[in-house]
Amino acid sequence: MLEKDVISPAAYLARLRRLRRKTRLRELVKETTIEPSSLIYPIFVKEGLGRPEPISSMPGIFRYPIEVAVQEIGEARGLGLNAFLIFGIPMRKDAKGSEAYNRDGIVQRCVRRIRESIGDDVIVVTDVCLCQYTDHGHCGIVEDGLVVNDETVKLLALTALTHAEAGADMVAPSSMMDHQVAAIRKALDDAGFTDVAVMGYSAKYASAFYGPFRDAAYSAPRFGDRKTYQMDFRNVREAVREIQADIREGADIVMVKPALAYLDVIARARRLFNHPLAAYNVSGEYTMLKLAAAAGVIDEKQGVYEVLMAIKRAGADLIISYHAKDLLRWRREGWLP
Ligand code: PBG
């Protein structure tokens, strides 16, 4: 029996391969694009460093001294990247993460230098959390072995305020404390920083894919894990509640993190909310691909392109990715998927 005998004539006339016939046609009918203007590139700045230090868990990514970080940002801007997420690695850690809210801390100084040397025409986002700054490695204050919420939130608000004072456009609280967005919004507003935006790491899961980042930032918890504050990856309705909470508390942008194993969460958030939606293509997702490429089993360019497109297609407006600079460099070099 021929195919035309079992399917309707209209279906028989449809040949979906017609529009796949050549590159230009595929370009014409593509449903998803990645604009450089919707990518955010993470930058690690480390106090007391003389020269860039390669991060062994993240091939191609470095810890930078402030001055080199500023140069790196300048270079990335040349490729079309204009938004950066700054992570600080302090020299001193203590139980209360004091360096996080030190007005002369590593992030605060870095943001000031970016403003002095590049000016206002670059979007500076700062990660607001305590884990790089506490000696126990947890994202908040620990009392009797527990991470206490409300005391932590006060310090996060103070941290965000010092970032705003230094010139950040946007602060991004990532510690998964309840009410962190509300506390930060209030602290910013009370100090007159009504225009500084808040990007909530709203649905941030307790994930094995943060492993390389914790090596990069020396921020692994010394005891226990982050499961009492980061989300359980078996849940998606709970992610909706987390995003709802951040929106009620005044978040301007909401986020799903990680991205690749959480495309269903991104798609759900896209359907239910109208806020700009960010997805964090995290360190473990980056390193998996880099190592597979280094082993010669996955084509890096195609792999990166496919992953970032998938995150976009799932519904993310913005993507935070360590691949951002590579992708734009490949495009600059004329590479086409
Ligand atoms: C800080 C923070 C982490 C990441 C972003 N902000 C680490 C963590 O929660 O343990 C992870 C980013 C990545 O893996 O790329 N709380």
Side-chain angles (χ1 to χ4, degrees), residues 39-77 79 81 83-93 97 99-100 105-107 109-111 113-114 124-135 137-139 172 174-175 201 204 207-222 226 257-260 279-295 298 300-301 303-304 307-308 319-330:
L39 294 171
I40 302 178
Y41 191 54
I43 299 272
F44 295 97
V45 276
K46 180 175 164 183
E47 202 167 32
L49 206 59
R51 64 169 73 96
E53 197 172 64
I55 298 170
S56 58
S57 60
M58 302 179 70
I61 306 292
F62 294 78
R63 301 181 195 93
Y64 292 109
I66 290 178
E67 286 313 313
V68 188
V70 173
Q71 282 167 23
E72 171 71 12
I73 288 173
E75 202 180 293
R77 290 182 80 224
L79 292 167
L81 284 171
F84 300 88
L85 175 58
I86 312 295
F87 289 98
I89 304 167
M91 227 143 56
R92 284 179 308 279
K93 298 178 188 251
E99 281 300 310
I106 179 72
V107 169
R109 278 189 285 133
C110 181
V111 172
R113 279 298 298 139
I114 295 169
V124 180
V125 189
T126 56
D127 183 82
V128 175
C129 193
L130 299 187
C131 60
Q132 288 107 276
Y133 303 88
T134 52
D135 49 17
H138 276 289
C139 302
S174 66
S175 82
Y201 281 70
K204 176 175 175 181
S207 170
F209 292 98
Y210 308 151
F213 175 97
R214 291 179 191 171
D215 282 339
Y218 319 108
S219 63
R222 299 286 178 274
R226 303 212 199 289
K257 178 187 173 189
L260 201 43
Y280 200 138
N281 175 218
V282 300
S283 58
E285 301 170 31
Y286 171 84
T287 298
M288 271 200 303
L289 205 41
K290 282 297 231 194
L291 295 186
I298 289 181
E300 183 177 355
K301 293 175 184 171
V304 166
V307 161
L308 296 181
I319 304 177
I320 303 162
S321 179
Y322 305 97
H323 294 295
K325 198 179 156 199
D326 282 341
L327 181 74
L328 298 188
R329 201 178 44 211
W330 300 332

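For A220, the side-chain contact (heavy atoms from CB on, under 4.5 Å) partners two or more places apart in sequence, or in a different chain, are R214. With sequence neighbours excluded, the residues that form a ring-ring contact (aromatic ring centres under 6.0 Å, His included) with Y322 are Y286. Checked against salt bridge (Lys or Arg N to Asp or Glu O under 4.0 Å), K325 has the following partners two or more places apart in sequence or in another chain: E72, E75. Looking at residues two or more places apart in sequence or on another chain, you find no side-chain hydrogen bond (donor to acceptor under 3.5 Å, both in side chains) involving S283. Applying the side-chain hydrogen bond (donor to acceptor under 3.5 Å, both in side chains) criterion to K46, with sequence neighbours excluded, gives E53, Y218. Take E300 and apply the side-chain contact (heavy atoms from CB on, under 4.5 Å) test, not counting sequence neighbours, and it matches K290, A293, V304, D326, W330. Scored by the side-chain contact (heavy atoms from CB on, under 4.5 Å) test, T134 finds L130, H136 as partners (sequence neighbours excluded). In terms of the side-chain hydrogen bond (donor to acceptor under 3.5 Å, both in side chains) criterion, Q132 has no residue partners (sequence neighbours excluded). Scored by the side-chain contact (heavy atoms from CB on, under 4.5 Å) test, S57 finds I55, P212, D215 as partners (sequence neighbours excluded). For the side-chain hydrogen bond (donor to acceptor under 3.5 Å, both in side chains) test, residues two or more places apart in sequence or in another chain that qualify with H138 are Y229. Every ring-ring contact (aromatic ring centres under 6.0 Å, His included) that F213 has, sequence neighbours left out, goes to F44, F87. Under the salt bridge (Lys or Arg N to Asp or Glu O under 4.0 Å) criterion, R109 pairs with E47, not counting sequence neighbours.
S175 and C129 get closest at one heavy-atom pair: CB-SG, 3.5 Å. Nearest heavy atoms, V45 versus I106: O-CG1, 3.7 Å. Pairing each heavy atom of V307 with each of N281, the nearest pair is CG1-ND2, 4.1 Å. The two atoms that bring F209 and V282 nearest to each other are O-CG2, 3.5 Å, heavy atoms only. Considering every non-hydrogen atom in both Y201 and A172, the closest pair reads CE1-O, 3.4 Å. Heavy atoms only, all atoms of each residue included: C131 and G137 are closest at CB-O, 3.5 Å.
To the nearest 0.5 Å, atoms CG (L289) and NZ (K301) are separated by 13.5 Å. Atom CD in E99 sits 13.5 Å away from atom CD1 in I89 (nearest 0.5 Å).
Counting heavy atoms from C-beta on, the side chains of I86 and I114 come closer than 4.5 Å. The shortest distance between side-chain heavy atoms of Y210 and S219 does not fall below 4.5 Å. A 4.5 Å side-chain heavy-atom check between Y133 and V107 finds at least one atom pair inside the cut-off. Considering only heavy atoms from C-beta on, T287 comes within 4.5 Å of P59 through its side chain.
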Please walk me through it: do V124 and I43 pass side-chain contact (heavy atoms from CB on, under 4.5 Å)? CA-CA 10 Å; V124 180; I43 299 272; over 6 Å; no

Stepwise side-chain contact (heavy atoms from CB on, under 4.5 Å) check, L39 with L81: CA-CA 7 Å; L39 294 171; L81 284 171; 3.8 Å; yes

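Between the side chain of R63 and the main chain of A216, a donor-acceptor pair closer than 3.5 Å is present. Using modelled atom types, no side-chain atom of E285 and backbone atom of P258 make a donor-acceptor pair closer than 3.5 Å.
The number of heavy atoms from other shown groups lying within 6.0 Å of CZ (R222) is above 12.
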